[in-house]
Novice: 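Below you'll find the structure I mean.
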Amino acid sequence: MKSVLVANRGEITRRIFRSAERRGLRTVAVYSAADADAPFVREADVAVRLPGTAPADTYLRGDLLIAAALRAGADAIHPGYGFLSENAGFARDVVAAGLTWIGPSASAIEAMGSKPAAKALMSAAGVSTAPSADVSKLEGDELLAAAEPVGYPLLVKASFGGGGRGMRSVTSRSQLVDAVSSARREAASAFGDGAVFLERLIRPARHVEVQIFGDAHGTVVALHERECSIQRRHQKVIEEAPSTAVGGELRVRMGAAAVRAGQAIGYTGAGTVEFLLAPDGEFYFLEVNTRLQVEHPVTEAITGLDLVDLQFAVAEGEPLPPAALEPALVGAAIEVRLYAEDPRRDWLPQAGRLDAFELRHESAFGGVGLVAAGGGVRGVRLDSGVETSSTVGVSYDPMLAKVIAWAPHRGEASALLAAALRRAQISGVVTNRDLLVRVLESPEWLAGDTDTDFFERLGLEELSQPLVGDDVRPQYALAAALGQAALRRQQAAVLGGLPSGWRNNPSQPQAVRYRDADADLEVQYAHTRGGLSARVDGEEIAAATVEVEALGADRVTVVLEVEQVRRPYSVHVVNAETAAAAGPVGRVYVRGPEGAVTLEEVPRFPEPTAAAIPGSLTAAMPGSVVRVLVGEGDVVVAGQPIVVLEAMKMEHTVASPAAGTVKSVAVSVGSQVETGSLLVVVGE
């Protein structure tokens with residue numbers, strides 16, 4: 001191999017590039033119209049444009065990807081994960097075109113492509129499986145009858161694909177038909193195939209998977225386990241290696257079962273065998289992911305192996321090296337998936353521009369140097385697909401980055417990772433950052449008490465609360481006001497050195513009102529001979545010392561000393577160049593010791609047309625309307641589904657917040673909506 005095309009996008013493409021470059025390979029990217037300005041495109045040696053934006057027109061078009069490889073002079077294709085990475089037809093077409101396929105054989109992919117067929121094959125190989133039923137062609141009473149032997153609770157799962165899409169939990173017979181219908185639509189949209197099956201839902205359980213690797217010489221090995229129990233909507237959020245629930249004897253048994261699974265299909269390259277681990281220590285086969293996993297960095301961290309480099313080596317016919325045949329297990333590694341989503345609003349995906357994306361780290365992408373087989377140095381690794389000013393769109397998964405920490409002990413790795421997230425400057429879109437920090441600092445996590453019901457058991461409402469609580473939020477608002485004032489004075493044409501609002505004879509304080517996710521905050525302050533006089537929502541803040549240092553056109557550091565405790569706050573004002581003009585200046589981001597908050601200045605004189613029609617239900621993000629469940633004049637109850645939107649390949653239901661009558665319906669099936677678009681009006 002001399003040149004490799006990565007048939008993917010975002011962080012995994014950048015990750016693969018790093019290992020390819022260390023092998024001296026030329027890198028080729030493909031990109032859609034939406035990704036034209038993405039970092040992975042800029043970092044490639046050669047980039048090929050795929051006309052269009054939707055995955056079905058770009059990253060899911062195998063013919064276009066192969067043509068791009070040939071046109072750019074690539075002699076190999078790495079599929080990454082997702083998209084066509086587990087498409088047997090694409091793997092065959094790559095090989096038929098004379099290119100090297102960086103992955104398992106098409107026959108191995110095909111054997112695991114249908115989850116029901118894979119379960120039957122694994123059962124024959126002596127790997128324990130949970131009760132299930134293929135219901136792809138069943139409706140009505142036949143569907144209900146097929147579910148009885150499986151038992152409730154159960155899961156409806158897409159037969160092809162993964163990532164939590166096309167998956168629904170069902171606790172009773174009455175929910176089954178609707179759940180299957182919804183899962184089929186979502187699976188068809190995400191994977192091009194709406195086939196689904198039913199599987200017994202084992203609760204409580206841990207999601208434990210084993211990394212396997214095979215070479216062309218018949219060797220298949222297990223590279224230890226990862227635990228991925230903390231999930232939302234059946235999609236992983238936090239992963240770690242090793243698992244706190246797996247000891248030496250169980251590790252050997254699970255590893256042996258995973259190796260048998262790989263041998264049963266003649267596996268080569270990187271793969272993952274996923275299991276559900278029951279409280280009694282029994283484990284049940286879920287699936288084989290015939291590709292590199294999102295969470296592969298934690299295995300790299302504890303073994304010191306570069307799994308992508310191993311993929312290249314195996315694809316070129318090399319045998320697995322001794323370090324893979326007897327893999328090390330050193331320390332503990334934890335990975336979190338940083339998503340543009342709002343956990344407080346049913347995990348609603350977010351879209352928009354990243355005004356800042358800065359996270360301190362020691363290593364990036366292929367930097368498996370965080371740990372060597374004999375021990376290593378504590379550190380944080382960042383695998384990111386975005387950077388400051390990147391745009392998060394609605395066409396793709398909302399994951400921004402993976403942040404990974406390694407340390408000799410699990411508690412240290414947890415603290416290291418939580419601190420890196422807390423200190424990060426991430427602004428522009430709502431993320432799950434605060435939730436991740438709360439989980440990593442929770443007693444249950446630190447005790448290793450994790451399972452797939454973690455969020456339900458501990459209470460998502462509590463875990464998703466902002467890190468910056470009501471007790472310290474007033475100081476953040478005061479820092480925002482002082483920071484904004486300093487930036488305005490910095491741009492003043494005359495007397496720029498005077499403090500904002502200065503008078504020879506002080507009279508009225510300066511006043512500014514901010515809105516955050518929960519409430520409005522009114523800040524009043526005045527510079528006096530004795531220092532600063534400040535109130536937030538009428539409560540006095542005794543700030544004895546204030547220091548403001550400008551760091552640029554849109555950033556300042558504000559240091560407040562309150563009750564003899566000094567705290568620095570980083571204040572970032574978006575659109576600071578308009579700060580001297582009348583009206584709001586946009587968003588203000590404040591990062592302090594406790595975490596970060598986003599504030600929006602409330603205009604003193606709002607536009608008369610800004611008020612929404614009473615009873616309006618609006619779109620929380622851009623998307624397309626897939627179902628309209630009410631008509632004008634219908635009587636609805638609180639919580640009743642009204643409209644179903646599709647965004648980022650997942651369905652989101654908009655429900656009525658109160659009982660009433662539908663006054664008007666502003667959308668129809670197929671409508672494209674933006675954030676804030678009117679959907680339905682419900683009145684009394």
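Just so you know, residue 1 is the first one in the sequence shown, and it goes up from there.
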Novice: Taking the side chain from N87 and the backbone from G89, do they hold a donor-acceptor pair closer than 3.5 Å?
Specialist: yes
Novice: Between S671 (side chain only) and S668 (backbone N and O only), is there a donor and an acceptor less than 3.5 Å apart?
Specialist: yes
Novice: Quick one: do L421 and L359 satisfy side-chain contact (heavy atoms from CB on, under 4.5 Å)? Show the steps, please.
Specialist: CA-CA 7 Å; L421 290 166; L359 189 147; 4.2 Å; yes
Novice: Would you mind writing out the side-chain donor-acceptor pairs for residues 457-467 within the sub-3.5 Å range, not counting sequence neighbours?
Specialist:
{"unit_1": "R457", "atom_1": "NE", "unit_2": "D451", "atom_2": "OD2", "d": "3.3"}
{"unit_1": "R457", "atom_1": "NH1", "unit_2": "D449", "atom_2": "OD2", "d": "3.2"}
{"unit_1": "R457", "atom_1": "NH2", "unit_2": "D449", "atom_2": "O", "d": "3.1"}
{"unit_1": "R457", "atom_1": "NH2", "unit_2": "D451", "atom_2": "OD2", "d": "3.4"}
{"unit_1": "S464", "atom_1": "OG", "unit_2": "L460", "atom_2": "O", "d": "2.8"}
{"unit_1": "S464", "atom_1": "OG", "unit_2": "E461", "atom_2": "O", "d": "3.4"}
{"unit_1": "Q465", "atom_1": "NE2", "unit_2": "E461", "atom_2": "O", "d": "3.1"}

Novice: Do R203 and T452 have side-chain N/O donor and acceptor atoms under 3.5 Å apart?
Specialist: no
Novice: Look at atom CG of D63 and say whether more than 12 heavy atoms of other residues, nucleotides or ligands are closer to it than 6.0 Å.
Specialist: yes
Novice: Looking only at the side chains, is there a donor atom on one of T272 and R226 sitting less than 3.5 Å from an acceptor on the other?
Specialist: yes
Novice: Any side-chain to backbone donor/acceptor pair from Y476 onto G595? Under 3.5 Å, distance only.
Specialist: yes
Novice: Applying salt bridge (charged side-chain N to carboxylate O under 4.0 Å, His left out) between R206 and each of E274, E227, E239, report the one that passes.
Specialist: E227
Novice: Could you label the plane-to-plane angle of the Y396 and F83 rings as parallel, tilted or perpendicular, counting under 30° as parallel and over 60° as perpendicular?
Specialist: perpendicular
Novice: Please find the pair of heavy atoms, one from A7 and one from I77, that lie closest to each other, and give the distance.
Specialist: CB-CG2, 4.0 Å
Novice: Between H572 and Q425, is the side chain to side chain donor-acceptor pair (under 3.5 Å) condition met? List the steps.
Specialist: CA-CA 9 Å; H572 177 204; Q425 185 79 39; 4.6 Å; no
Novice: Applying salt bridge (Lys or Arg N to Asp or Glu O under 4.0 Å), name anything that partners R42, two or more places apart in sequence or on another chain.
Specialist: E387
Novice: Keeping R165 on the side-chain end and E186 on the backbone end, is there a donor-acceptor pair under 3.5 Å?
Specialist: no
Novice: Are there over 12 heavy-atom neighbours, none belonging to D37, within less than 6.0 Å of that residue's CG?
Specialist: no
Novice: For R185, is the CZ atom crowded, meaning more than 12 foreign heavy atoms sit under 6.0 Å from it?
Specialist: yes
